[in-house]
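One-based numbering, in listed order, for ligands and for the atoms of each. Owing to the predicted nature of the structure, the values given are computational and were not obtained by experimental measurement.
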Amino acid sequence: MKEHLIIFDTTLRDGEQSPGASMTADEKIRIARMLERMNVDVIEAGFPAASPGDFESVRLIASEITDSRVCALARASESDILRAAEAVKPARASRIHTFIATSPIHMREKLRMQPDEVIEQAVKSVKLARQFTDDVEFSPEDAGRTEFEFMLRILEQVIDAGATTINIPDTVGYTLPQEFGTIIRRLKESLPNVDKVVLSVHCHNDLGVAVANSLAAVQNGARQVECTINGLGERAGNASLEEIVMAVRTRKDQFDCDTRIDCTQIVPISRLVSNVTGFLVQPNKAIVGANAFAHEAGIHQDGVIKNRETYEIMRAQDVGWNANRMVLGKHSGRNAVRERLKALGIEFNSEEELNRTFVRFKDLADKKHEILDDDLQALVTEANSDKRHEHYRLVTMRASSQSGEAPEARVTMLVDGNEVTAESSGSGMVDATFRAIEALVASGSELQLYSVNAITSGSDAQGEVSVRLMKNGGIVNGHGADTDIVIASARAYIDALNALATSGTRQHPQSGAAV
Ligand code: KIV
Ligand code: ZN
């Protein structure tokens, strides 16, 4: 009987810390429901002290999710821990995850605290957190660059104070697999009370080895891995959940533990996270990239036809590639749409939400013959993002291009309830459209990213557009989908403008002093 490897997903917390990846509370709930469905053990739902909105999202997830443990992050400070405790209070199973930096450079430059003060603060915080839940995780931030003897001292004391999970973060993605595996092995050998806790790891991908580091840690005794869908996360991202889970499953011979993840949910949730955040999955990404199971080269195809195992080490359907083929069309009714979305893990909070999605569905069905699950996911994201369309709304638009002529666009929008129209030319129809919108809005923002992705195959596919805008150091993303990519682009731009207009200030958990 293999030991259990706990999968701790931090897509909604560390993943969301990725610039531009912020999600609405509804989007977070949709992702949390799907994580629960795939049997993720712990969902890190957010950092409640960041803002009232973040607090509310964690509280909603804690109220809704019953089968996974819901965790909230808190710096090692009284106010953060009280906020986290309040946010996870409704959860059937809760966890508070508290952390403080322990590397010399972080203690000196960021915290401006002496090592003994750091230990004192950590112990106090773990004790406080234990008053609210019997499941408390502690992380010595920047453990990868922390002096080993100091790490032993602080960890021994936080375990005595009541921590039940010790998480070792390679915060800046500095270590290499053998080195990181050795840290875990040495902790198992030399930390006197290590048998009272689960050892966990949290690796960042700055050197492209987050998954390799996590796997090395598991082979050396770690029994929890912190990871994210699609490897989303701060800077180069976190270890990717799908790669960890499939490595442990495919190379059973190399691991004395296993996960409980329902792998058939991997591709659907990867699509959902990509769709909601606008962070596209690169085609050659392991497991969830479009090419991951495509055997293009003739020689490979020949081998696969003769015997699949010649070139395939995993089966596409085992990670959910085929789960996405259900087809709806223009004759499908509301019930069919509702039922299909339910099967995808998407439930509506009100009839009004379903109605709004159904109107979009009918619209799309007029233009596109077959509506696949990915189209439906995009429709729901679109319909939901309407909720924040308080300031700007697209009424109608026209764009034209002709060889030898400057492309032009005419856009009519509602700006705070008033209908206004502007025309502009540009280097292409999308550029002309964005210029026309800016002529109406004068947002003063800078376009940082524009990307288009075909949601399904075929020339009638919906184009899914992501736009990233920056203003005064704040970054927001907007998304739009339509069979016409110029209209999708206008929607994405307007979505980003609304996000900009409604975005408040948020605290970053790792930006300042803990106390
Ligand atoms: O990378 C990191 O150190 C973190 C901690 C908050 C665990 O995300
Ligand atoms: Zn992190």
Considering only non-hydrogen protein atoms, determine which one is nearest to [atom] and report residue, atom name and distance to 0.1 Å.
atom	value
atom 3 (O) of ligand 1	Thr171 OG1, 2.6 Å
atom 1 (O) of ligand 1	His204 NE2, 3.0 Å
atom 2 (C) of ligand 1	Gln510 NE2, 3.3 Å
atom 6 (C) of ligand 1	Arg13 NH2, 3.7 Å

Legend entry - Per-atom contacts, ligand 1 versus Glu141 - under 4.0 Å to a heavy atom: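 Those atoms are 3 (O).
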I'd like to know if [X] pairs up with [Y] as an ion pair, taking the criterion as any Lys NZ or Arg NE/NH1/NH2 lying under 4.0 Å from an Asp or Glu carboxylate oxygen.
X	Y	value
Arg59	Glu56	yes
Asp206	Arg235	yes
Lys110	Glu141	yes

Legend entry - Angle at the Zn ion (ligand 2) (to 10°), with one arm to OD2 of Asp14 and the other to NE2 of His202: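 Between NE2 of His202 and OD2 of Asp14, the angle at the Zn ion (ligand 2) is about 90°.
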Inset, instruction - Using only heavy-atom distances, determine whether the side chains of Asp26 and Thr24 contain a donor-acceptor pair under 3.5 Å. - result: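 Side chains of Asp26 and Thr24: no pair found under 3.5 Å.
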Inset, instruction - Determine whether the side chains of Asn39 and Arg260 contain a donor N or O and an acceptor N or O closer than 3.5 Å. - result: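 Checked: Asn39/Arg260 side chains show no N/O donor-acceptor pair below 3.5 Å.
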Legend entry - cation_pi(Arg75, Phe99) dist<6.0 Å, angle<=45: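 Because its charged atom misses either the 6.0 Å distance or the 45° angle limit, Arg75 does not stack over Phe99.
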Inset, instruction - Kindly indicate whether a cation-pi arrangement holds for Arg468 with Tyr450, taking the cut-offs as under 6.0 Å to the six-membered ring centre and within 45° of the axis. - result: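 No.
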Legend entry - Short N/O/S contact of Glu234 with the Zn ion (ligand 2) (below 2.8 Å):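 Under 2.8 Å: Glu234 has no N, O or S contact with the Zn ion (ligand 2).
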Legend entry - Location of contacts on Asp14 toward ligand 1, heavy atoms closer than 4.0 Å: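 Asp14 to ligand 1: side-chain contact only, backbone stays beyond 4.0 Å.
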Inset, instruction - Of the side chain and backbone of His202, name the one, both, or neither that has a heavy atom under 4.0 Å from an atom of ligand 1. - result: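 Side chain only; the backbone of His202 stays clear of ligand 1.
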Inset, instruction - Answer with yes or no whether His97 contacts ligand 1, where contact means a heavy atom under 4.0 Å from a ligand atom. - result: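 The answer is yes: ligand 1 sits under 4.0 Å from a heavy atom of His97.
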